Amino acid sequence: MRKFFFVPLLALAALFQACQPEPDAKQLIDQLVVATNYDQAADFSAYATYSIPTDTIGLISNSTNDTIIVQSKSTFPRPVLNEIKSNLNALGYTQVARNQNPDLGINVLVVNDFNVFQQVVYPNNWGYPGNYYSGYYGYNSWYYYPYINTYAYNTGVLIVEIVDLKNRTPDNKVKVVWDAYMGDVYSTIDLIPQSVDAIRQAFVQSPYLGKTPL
Amino acid sequence: MRKLILFAVLLAAQSALAQEKYFYVALDVNKPLSNTSWVNDGTARGVRLGYRAFINRKFSAGLDLSSSAYDQYKPTETMQSGSGAVTTDYFNYIYSYTAVVSGQYYFGNDEKERFFPYAGLGLGANNNRYVMYYNIYEDSESAWGFLARPEAGVLYKFGRRSLGVMASVHYDYSTNQSKKFGYDGFSAIGFNIGLIFLEW
């Protein structure tokens, strides 16, 4: 009778531990999260021109010494920059060269956080498969080989900033008047279309932008 | 919480070896009734198990443990804040665990009968973990509450065998709160159907 009770109980206790379903990962990452913020004191209708890099995106990463992503090495920068330009143009701003004294500067960068960490696991005798060396490390003893689990995560955010170059302070400081954070760009199903969609959404949810804001 | 549940299960099994009693395991189907704008969908991803010992032919007392996972997908929406906005689709999840001490009254409990309708009340604790998943990110809050569970059900015994089935409906009310996700108490209505392992 004792076995009759214990077997299903132990099985169900294990079932309790497994009752933590999570969402479908593909559905989670099929679009980027888009967060925008702006300086409520800024008058976005007062700006007329902007400058933006043509083929490079900045990169801040803890896994590489590169500081830019260039079109010659990646297909990522051009469609991203083109989408930003097309939205700014649609808002009535005019693109000019950097040396033509633009009112706004556009920063586009990816911040990448890559982490690897390891954990030494000392299995107990509650049923880890394998690594069982009964008797080898001493008579009548159970020994479970410790092993190392390696975990890694690699995350990144695409950031677009609009910098007010028109109203520089006397000591030549500038202010970010709008930014958009879009993530995660390292866990996407299709990076470029998702990034382009995210940029479009960033402008859609910022109706105060433009020479004649909505 | 998981260790507590495991401990309680083992304790119940140990003490189950002395008198007329039954152990049950059941599928637990639930629908939340509070803050349904956050999660409204019912769930069949629940399991409940328990042990009940008879004090006399009319009354039993025991321990019930259950686990349920509620979830709801929220299509893409834009949430405005003071100086910005966030757009995403997301999933809301509630991982709910309960442990109650319960008592039951049986309406007719003749040894020759096979049907044993009953009404009962459970009192205990509830832990909920509220999680919002969006892209690779998540936001969560965990909380404990006092739980009251009135219940009505029926047991059916298969002849002289030590096996039977059970079905019951129950209402759960818990003082479990989550300020972050707008819960000022958590309640749900549920239905169980399962197997009972009898010893009487």
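Nothing here was measured: the structure is a model prediction, and the numbers come from that model. Naming convention: chains lettered A, B, ... in sequence-line order (proteins, then strands); numbering from 1 in each chain.
Contacts between A:Asp179 and chain B at a heavy-atom distance below 4.5 Å are absent for every atom of the residue. Only the side chain of B:Tyr73 comes within less than 4.5 Å of a heavy atom of chain A; its backbone N, CA, C and O stay farther away. Proximity to chain B involves both the backbone and the side chain of A:Gln205, based on heavy atoms less than 4.5 angstrom apart. The part of A:Gln40 that comes within reach of chain B is its side chain, from C-beta onward, which places non-hydrogen atoms under 4.5 angstrom from that chain. Using a 4.5 Å cut-off between heavy atoms, B:Tyr133 touches chain A through backbone and side chain atoms alike.
Within the 4.5 Å cutoff, no side-chain heavy atoms of A:Gln20 are placed close to those of B:Tyr93.
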Requested in this report: Would you check, one step at a time, whether the test side-chain contact (heavy atoms from CB on, under 4.5 Å) holds for B:Thr88 with A:Val34?
Outcome: CA-CA 7 Å; B:Thr88 186; A:Val34 181; over 6 Å; no
Requested in this report: Give the intermediate values and the outcome of side-chain contact (heavy atoms from CB on, under 4.5 Å) for residues B:Thr76 and A:Gln201.
Outcome: CA-CA 11 Å; B:Thr76 304; A:Gln201 174 58 38; over 6 Å; no
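Atom CG of A:Asn65 sits in a sparse spot, with 12 or fewer heavy atoms from other residues, nucleotides or ligands closer than 6.0 Å. Within a 6.0 Å radius of NZ in B:Lys180, other residues, nucleotides and ligands contribute more than 12 heavy atoms.
With rounding to the nearest 0.5 angstrom, the CD atom of A:Gln27 is 6.5 Å from the CG atom of B:Asp89. Note that OH of B:Tyr134 and CG of A:Leu28 are 11.5 Å apart. Values are rounded to the nearest 0.5 Å. In this structure, CG on A:Leu32 lies 11.5 Å from OG1 on B:Thr87, to the nearest 0.5 angstrom. The line from OG of B:Ser83 to OH of A:Tyr208 is 8.0 Å long, rounded to the nearest 0.5 Å.
Shown here for B:Gly84 and A:Asn37, the closest heavy-atom pair between the two residues is CA-OD1, 3.9 Å. Taking both residues in full, the closest heavy atoms of A:Pro21 and B:Arg45 are given as CB-NH1, 3.4 Å, listed atom of the first, atom of the second, then distance.
Side-chain atoms of B:Asn135 come within 3.5 Å of backbone N or O of A:Asp184 as a donor-acceptor pair.
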